[in-house]
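Naming: A, B, ... by sequence-line order, numbering from 1 per chain. Side chains included, hydrogens not; waters and symmetry mates left out as well; all remaining heavy atoms used.
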There are 2 protein chains.
Amino acid sequence: MRQGRVDIGQRSETVHRANLSAIVRGLHERGPLSRSDLVALTGLTRSAIRALVCELVDAGMVIEEPALRLGTPGRPSPIARANPRRALVLGIEIMVDSIAAAIVGLGGVTLAESRLERPRGSLSPDRVVADITELTESLLRRVPAPPIGIGVAVAGVVRRSDGLVWAAPNLGWVEVALGDRLARALALEVPISIANDADMGLLAEHRRGAAIGVNDVLYISGEVGVGGGAIIGGHALTGVAGYGGEIGHMPVNPGGKSCRCGSSGCWETEVGEGALLTLAGLPPDSGREGVEAVLRDAAAGDPRSAAALDHVGRWLGIGLAGLVNVLNPQLVILGAMHGRIHAAVRPVMEGELDRRALRAPRDSVHVVPATLGVGAPARGAAELAFEPLLADPAAFFGSAAFSTQLASA
Amino acid sequence: MRQGRVDIGQRSETVHRANLSAIVRGLHERGPLSRSDLVALTGLTRSAIRALVCELVDAGMVIEEPALRLGTPGRPSPIARANPRRALVLGIEIMVDSIAAAIVGLGGVTLAESRLERPRGSLSPDRVVADITELTESLLRRVPAPPIGIGVAVAGVVRRSDGLVWAAPNLGWVEVALGDRLARALALEVPISIANDADMGLLAEHRRGAAIGVNDVLYISGEVGVGGGAIIGGHALTGVAGYGGEIGHMPVNPGGKSCRCGSSGCWETEVGEGALLTLAGLPPDSGREGVEAVLRDAAAGDPRSAAALDHVGRWLGIGLAGLVNVLNPQLVILGAMHGRIHAAVRPVMEGELDRRALRAPRDSVHVVPATLGVGAPARGAAELAFEPLLADPAAFFGSAAFSTQLASA
DNA sequence: TAAGTTTGCAAGAGAGGAACACAAACGTTG
DNA sequence: CAACGTTTGTGTTCCTCTCTTGCAAACTTA
């Protein structure tokens, strides 16, 4: 045999696990569903759904509620909903000027959250790990059980397999073994998944925001750097090591300004926050307030601010055209800074996009601002932490987070 | 329920179909495997493999041969191989200067093939459909059964769902309903799948060429235009309508030369065949011979040819850096013209790539020329045509292509 | 009260797993 | 050089798991 094992064979047990997964995932992603909804969703028979739902109810993952009377004929179908208290995860985001954590229950309910604003440049790995430990401990005191998983979104290039942050230029990090360090500091015996902040922002928008049900999405998230993520054909575009999506360092103007990454003419040098602020005559580190000022001044008629927005909008369109031609998404979501300036730059951006994107891909794409705003990466990280449970709920039947509550209920 | 059916439930029948698929796909993609290889591949038990293989043998899809004596201890295991005569497909490629067709049997054996060279510009849809009909009829006379599927690779932007060629600038086509036209002309009652030539070249390299077993691959195929395809995380990157991979029209030099597509500074204007030939002082339409001449002259010391290759190599590196940062592939395959110039441009291309690709993605990527050469798109198209059979062999048990041969055997 | 929809239960069918006996080839050993 | 044990693999039977089928009962609306 030329290669190792690739496609594992299926067995009856696989079927059962896949069906449990389909139900739990359906309830988590779509909210409460009646049994007959589940029949329609899965294509299984009523008997099978009944058995599966009962199994999940016994395991505490699903709560069945009496049927609602909806005015439709026929016997009412009991409503199944995910039990948000049965499985909790911790979602964390490490951004350039703040750190946030949230406890999210199965079904997507945020049970507790907290954020620490931090001045830029003060985010050494030691400090961040200490801050996260503190945040987490205070949050966990407010909920009655430990999480089943931890997800971390960090503004840097991350290797998914072991949580190594290869580089996070805006945090000043190089090769930080964040996964190991957090595991030691938090001392929670649960898996920690670390991923790029843009990938997690996209996951949040895909599950809970502007991209629900859209299987070909591109997400741009510009703050200090410009990051991005994509879901194409329903699959996250993470690349071989999870390093993908560094769209900020796509060369769009190779003779242009030199970039922190050592190259020149990277997209980020034209559409990043620093570019906008500098062009508008503000200090490049004036952050979110600076961007708001530019928008305000441009609206008030200041030509320099308007020209800065025009420049960014034009290059936004140029870069998007390339990405649209390569990836052919159905939807482009602009997050963070680019979401805020979307309305102001839309005409010039779309003009450039129309001119440069091939007609066929252009016809099918819409560009919209993100809907989730601040905290999206943490929500996405929480979704990432739920993934093992959603993929195989049966593996979590034993580890009842709330065994006492379940027993007394 | 907020949306329609997405994730179909699994049933025992699904398991059986999936396992049959795993075996047929394994034999098709990897070649003959012993029963014990299949046990290792799938993780199923000997009993299950035995039953599944016997079922496939009865259906004629698999031939079992006596064990080979390999000098290894233990009882020899019978070898199962795909029966190349049980299921045939027709793979067709429509390129800018030739049309080719091949009959491929299960397992990937080419049973017959033929190519028509055509001067550029003489490829109207009518003419192409007529040529294909003629090619196909003559090929089919040489094999004893009709194909179970037809795959077509065409150098243009294609909508997969219905085989509409939205645009094929190098053929001069606009909105050609190639799927419908071929279905009428060929009058074979089998599915016709139409796809982009670069996507099919990549599929061929992934199944039979330089990318076997590599799940994150980027493929560049430059002839008149520059096309590309990618497989990321094992999934083909086709985008929402199958329009993805138009990497030739990624803006890399927005103030640069104007492009046929209406934009300016597209990658294709810097690294396309026309750019190389023009820079070398040859007519832009001197085609493959022109490229060979440039390579020859540069090797002989002609400075103008060397400078042309340098230019193309440099911009190849620039564009690849962007794609590598965005997609994080493990392997980049240069096909067609770029495969031929690979050796000549490698140092300058890799220098630019080193300078511009982020370190993490760059560390994991290798750039190599394609191994399949001319005819790769047709082979990929044949693989595409096999896909329904590989995904569910049981669905083809009834339609025995060779029922008479099977009966007499 | 009739029609329509859904639940609940028991029997049935499909598929792979586990265990045992047996077979074939290799290498060692007397 | 032949007999032996070891290793690897086949063939068969019985078992278990899981979903489907079919029927009766429950519930709501019109």
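Two residues are said to be in side-chain contact when any heavy atoms from C-beta on lie closer than 4.5 Å; Ile79(A) and Asp37(A) fail this criterion. Looking only at side-chain heavy atoms (C-beta outward), Leu202(A) and Val217(A) come within less than 4.5 Å of each other. Residues Val89(A) and Val190(A) are not in side-chain contact: their nearest non-hydrogen atoms beyond the backbone lie 4.5 Å or more apart. Looking at heavy atoms from C-beta onward, Asn19(A) lies out of side-chain contact with Thr42(A) at the 4.5 angstrom threshold.
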Check your understanding: Could you write nucleotides 15-22 of chain C as a row of B, S and -, 5' to 3', where a protein heavy atom under 4.0 Å of any base atom gives B, of only sugar-phosphate atoms gives S, and otherwise -?
Key -> SSSBB---

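The nearest whole Å value for the distance from the CD1 atom in Ile79(B) to the C1' atom in dG9(D) is 12 Å. Here the C1' atom of nucleotide dC9(C) and the CD1 atom of Ile49(A) are 17 Å apart, to the nearest Å. Rounded to a whole Å, the CD atom of Glu64(A) is 15 Å from the P atom of dT6(C). For Leu38(B) and dG9(D), the CG to P distance is 12 Å, given to the nearest whole Å.
Note on Arg35(B): every side-chain N or O is 4.0 Å or more away from OP1 and OP2 of dT8(D).
Every residue two or more places apart in sequence or in another chain that forms a salt bridge (charged side-chain N to carboxylate O under 4.0 Å, His left out) with Arg81(A) is listed here: Glu65(A).
One end of the helix from dT1(C)-dA30(D) to dG30(C)-dC1(D) points its axis 10° away from the other end's axis, with each axis taken from 5 pairs and the angle rounded to 10°.
With Glu13(A) as reference, Arg17(A) is the one residue of Gln10(A), Arg17(A), His16(A) to meet the side chain to side chain donor-acceptor pair (under 3.5 Å) rule.
For the pair Ala195(A) and Met200(A), the tightest heavy-atom approach, listed with the atom from each and the gap, is CB-CE, 3.7 Å.
Proximity of a side-chain donor or acceptor of Glu205(A) to a complementary backbone N or O of Ala210(A) within less than 3.5 Å is detected.
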